[in-house]
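Atom set for the values below is all heavy atoms of this structure, side chains included, hydrogens, waters and symmetry mates excluded.
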Amino acid sequence: MISKRQALLGSAGLMLAATLGLGTAMAQETVKVVGVIELSGAGATAGTNYKNGAQMAVDEINAKGGILGKKIDFVVYDTQTNPGNTRAAVQRGVDEGAFAIFGPVFSGPISASMQIAQKAGVPQIVGGEAAGLTKQGVNTIFRTSLNQADAMPKLAEYFKNDVKAKSVAVVWVNNDFGKGGRDAIIPELQKRGIKIAADIATESAQADFAADAIKVKASDADAVFVYLNEEESARFLRAIKQQGYAKPIVGETTLLGAKVIELAGDSAEGAKGHVGLSVDAPNPLFAEFGKKFQAKFNYKSDHNGIKGYSGMYLLKHVAEKNGKFDKEAWLKYAHSAIIRTKDEPGILIDSKWDANGDVDRESFLAEVKGGKQVITGTLPPVSKF
Amino acid sequence: MSRASIFSRIDANLATILIGAAILWFAPAGLKSYGLYVISFWLVMSIAAMGLNLTLGYAGLKSLAQAAFLGIGAYATALITAKGGIAGATWSWPLAFVVSGTLTFLAGVVLGFPALRVKFHYLAFVTLAFATLMFLIFRNEQWLTGGVYGFSNIPRPTLFGAKLNNDLAFFRFVLIVSVLLSLAMWWMLRSPWGRAFQALRENPLRAASLGVNLRNYTLLAFAIGSAYGGLAGALYAPLVEFIDPAPFAVSASFVLLLTVVVGGQGYFLGPFLGAAFSYVLPEVLRFTGGLYLLVYAAMVLILLLISPQGIIGIVEKFRERRRQKDAQDQRDASKAMLGA
Amino acid sequence: MDQFIQLILAGLATGAIYALAAIGFTLVWQTSQTINFAQGEFVMLPAILVLMAVKFLNAPLPVAVLLATGMFLLIFGLGFKTYLVDPMAKHGVLPLAIATMALSILMKEGAKDGFSAEAQQFPSLVPEGVVRLFGATLSLRDIAIFLVAVVAILALQFFVTRTRTGRMMQATAQNPTVAKILGIPTERMILLTFAINAGLAVLASFLISPVYLAKFSNGEVIGTAAFIAAIVGGFNQVRGALVGGFIVGLVDNLAAAYVSSAYRAAVPLALLVLVILFKPEGLLGSKEERTV
């Protein structure tokens, strides 16, 4: 009996070794990029957008002959929005000899995995916005969107000068994205003499926002700041409009997204705020991207789709500038890269990466009018380039 | 089942553990970090599942909080060992290991005592509430746990003055701890106390009439099962080196329950097979892209339809059939002899 | 005060949804003594099926609704009973409960991969608009949800206690063996129970999807809330689910406003534990002597 079990165990072990040992020989004509992205769990929606955006860029690049003559071999591993799985997936990508890791989007999984990429010196292009990510001395991480620490001061100014609010109710989603935004905006508002009238945490994937909307209304603040993921933003807008709320509803990127407007319908009317990336920005490249995305995936991309797409072009542009696939050279160049759309249309907007991997670029003020996001102003980058 | 066959089965279990450990000690020499990580992860989750198997498979209690116990252990370990450790590099992890086990054992007693007083299967509901509360605490109490940002830079333990930074060394460390905990479980189940469980499971009424104090025994089983969750957490934290609340959510507890049933509840080796199914198979199925959860769920459904006793149930079915065939052969043979 | 009244009204509207979903738990519990962990997904899926029919078959909405309803009743009423509950029930409660857990993953991932990872708008059968009540605002949709849910549950209650078929169903649930001896077609009764369960899930799905939006992951939230509601109200009573649903809806809303929004999820569960400790059979439940 024992010997049989032993044999069973042995063969199982062999199978395992075959799967985990990864003796896959890499074809010379391709460069491997491993996506480690939230395709299930709490981050599924954001992750799917990020993946689709990246996939679209890969298809385009490969159709035009790839990067430096090599096609991109883009495989995506799901993280289940779970740090342990993310770590495994990034480790696997590194072991497989990936030239770069693409993702994840949520900050928790990024924190869990960025040391792995750093140890191996593999560039990691992430979708996370939490301020802490680029403060830990990890030299392989690159953002694809503004750091919350850069975006929130812009928004606080907006509250003070445009909205002219003396007090603000803050509604945020209790995950790393929402908490990060809340932690970044509250001191900025207080610094400008604006009172926090209510500080309301909500759950991710929350369906019923009636109680939160009632609380905002009862707080009697001059305006409400809504920092939720897209779908929750839509549900919140519906709930608060139902309460007959007529004061300014201000958000950052997500609140004014196409998806929110689609889902919230009339309730989104009049919502305004600051937008980092948007397919509706007054920029023909964004609009073109939006059209291609719609055609390919049959729905409207959110900012995560843009992040994935432009992130892949960051990878391509820097590799081409180096003229070779050398991770060290890639990191070195990217840490002070200024990429303009006239050189690389795929980047969609002039962008500058700094030594921490933070990105700086123009951003927009917008408002929902007539069921559409309308850009009302353009804000310059934090530091001119 | 006769006493003799129980012994032979338990010894087979012991042999499997020891031989398996020996194979695992040498086998991964060729594996890269990823492979070592996945196998280490499997072992850690096997320990948590082993504890739940004691609670569920042997004592028949449904706990929906095993991942919360895992979390308590992981956070306790992170707090004790991070930033140089509160008891120095060498002793912090052993301290964390003991604290993790103790905390979760006590939590098991405190939870189980009132719940079991009322009605047995209400433990499931009480543990569900507990698991939700623990998740919220992990997430909300940022000053202690790091909240939604998580807890990073959890160090690997130091053994004999050397830090186990090397993946192979750490894997072997996990292996040693797993084997020791498995042996402890094996010994417990073989002790008179463990046999009282077998009696309890097979015939609660008779066990009660024989003077087995049902409530105390099951309470102790639940507390020890929970403590195994905490001890697994003490390995989980340094393995991943980062924790946030997500892997300790209620849904993770559900997956652990699923793991134990899929492996074969009440079988000693069940948790190892179940954990392989739940935590290694998804890695193997990565080639399916985003579809693997679909494949995984379908496999679980089909498996349970074929064999409600889980993976081990299939093995047992074959053995049972073989035994009956052997018996039949023997009968035939003796009949033939008698006839001759 | 305004705020309080508003919260109570919102809580009742939410509670009605929970109640509708909670009945499913009690029905499956009564007939098979198991917990259907896929109950939340049962409420999630019908709306998705409608949208799929619209998208892939180009069906007009009424046709899509009929098609989705029919398909759901067939697969998750008849099919669920015949291919999952029946073969597994004889092996004890736990494997079946775990199988429903796997089923819930399967439904969730199927909806995501087969349809969309994104939330979708779902057409409302009730016009938009609000009415004012005691200084609080209430949408027509909330009122409709409340009314439909309450009427559905009361009708079911009436059916179960006052009609011949309903009483046969109840007898089958309480003691299948005796029911069989008494000549009740137990098989058909059990099937009827599952059909009602699926039907209520469809109803709940169509009612809430315009508000919560149709999304693959919605089942988790609804399932948990309904589960708590079922226990609080009493697992073995239809009207228990009604009361449990309202209590959970109210407590959840009041907790979010007056206790702590970060800990709101724990408050209904704390209530649940109190109920278990002091009235284990649920608020309206009757004692049952079963060794499960």
Side-chain angles (χ1 to χ4, degrees), chain B residues 56-57 60 62 111 114-115 117-137 139-142 147 204-205 249-251 254-255 257-262 265 289-310 313, chain C residues 33 35 37-38 83-84 87-114 117 220 224 227-228 230-232 235 260-281 287-288 290-292:
Chain B
L56 179 77
K62 291 160 201 82
L111 278 182
R117 222 179 43 127
V118 179
K119 206 167 181 185
F120 263 43
H121 63 271
Y122 281 173
L123 183 73
F125 305 149
V126 174
T127 50
L128 177 75
F130 177 74
T132 308
L133 181 67
M134 285 320 294
F135 173 78
L136 292 175
I137 291 175
R139 193 195 60 184
N140 294 341
E141 302 308 319
Q142 196 172 333
L205 280 179
V250 175
S251 57
F254 283 176
V255 173
L257 194 67
L258 195 143
T259 298
V260 171
V261 173
V262 161
Q265 45 158 327
L291 295 179
Y292 75 91
L293 266 177
L294 206 66
V295 177
Y296 168 73
M299 285 175 75
V300 172
L301 264 183
I302 294 167
L303 176 78
L304 287 176
L305 279 171
I306 297 172
S307 165
Q309 285 308 308
Chain C
Q33 277 73 56
I35 292 166
F37 281 99
Y83 297 108
L84 198 70
M88 297 216 58
K90 54 180 176 288
H91 298 290
V93 174
L94 193 64
L96 178 55
I98 300 294
T100 63
M101 235 180 241
L103 181 68
S104 85
I105 303 177
L106 199 67
M107 292 169 77
K108 202 161 45 187
E109 294 300 309
K112 189 183 81 190
D113 297 328
E220 293 165 26
T224 314
F227 182 50
I228 298 169
I231 303 166
V232 169
F235 239 111
S260 148
S261 51
Y263 278 103
R264 83 188 270 188
V267 179
L269 282 156
L271 177 75
L272 177 141
V273 169
L274 289 179
V275 169
I276 285 174
L277 292 182
F278 296 108
K279 197 158 186 321
E281 62 278 3
K287 286 204 165 96
E288 55 179 321
R290 258 191 198 125
T291 46
V292 181

Self-check item: Best-contacting candidate, C/V273, C/I228, C/D113, against chain B by heavy atom pairs under 4.5 angstrom
Solution: C/D113
Quiz item: Which residue out of B/L304, B/V295, B/V300 racks up the most heavy-atom pairs below 4.5 Å with chain C?
Solution: B/L304
Quiz item: Hey, what do you get for OH (C/Y263) to CG (B/L133), rounding to the nearest 0.5 Å?
Solution: 7.0 Å
Exercise. Please report the closest heavy-atom contact between C/A265 and B/L136, naming both atoms and the distance.
Key: CB-CD1, 4.0 Å
Quiz item: In terms of heavy-atom pairs under 4.5 Å, which option from B/V261, B/N140, B/V126 contacts chain C the most?
Solution: B/N140
Exercise. Provide the closest heavy-atom pair for C/L106 versus B/A298 in the form atom of the first, atom of the second, distance.
Key: CD1-N, 3.7 Å
Quiz item: How close do C/P87 and B/L305 get, heavy atom to heavy atom, and via which atoms?
Solution: CG-CD2, 4.0 Å
Quiz item: Mind checking whether C/L84 and B/L301 have side chains closer than 4.5 Å, heavy atoms only?
Solution: yes
Practice problem: Measure distances from C/Y83 to the heavy atoms of chain B and classify the residue's part below 4.5 Å as side chain, backbone, both or neither. | Solution: backbone
Quiz item: Taking all non-hydrogen atoms of both residues, which atom of B/F254 and which atom of C/M101 are closest, and how far apart?
Solution: O-SD, 3.5 Å
Self-check item: Partner chain B: residue of C/A99, C/P95, C/A262 with the largest heavy-atom pair count (under 4.5 Å)
Solution: C/A262
Quiz item: Can you find a pair of side-chain heavy atoms, one from B/V250 and one from C/T224, that are under 4.5 Å apart?
Solution: no
Quiz item: Heavy-atom distance under 4.5 Å to chain B: side chain of C/I35, backbone, both or neither?
Solution: side chain
Quiz item: Is chain C contacted by the side chain of B/L303, its backbone, both, or neither, given a heavy-atom distance below 4.5 Å?
Solution: neither
Quiz prompt | Region of C/L103 in contact with chain B, defined by heavy-atom distances below 4.5 Å | solution = both
Self-check item: Minimum heavy-atom distance B/A297-C/A102, with the two atoms named
Solution: CB-O, 3.5 Å
Quiz item: Roughly how far apart are B/L257 CG and C/F37 CZ, rounded to 0.5 Å?
Solution: 7.0 Å
Quiz item: Out of curiosity, C/I98 CD1 to B/L56 CG, how far, rounded to the nearest 0.5 Å?
Solution: 7.5 Å
Exercise. Heavy-atom distances under 4.5 Å only: say whether C/L272 touches chain B with side chain, backbone, both or neither.
Key: side chain
Practice problem: Would you check if B/L293 and C/I105 make a side-chain contact, meaning some heavy-atom pair closer than 4.5 Å? | Solution: yes
Quiz item: Once you round to the nearest 0.5 Å, how far does CD1 of C/I231 lie from CZ of B/F125?
Solution: 4.0 Å
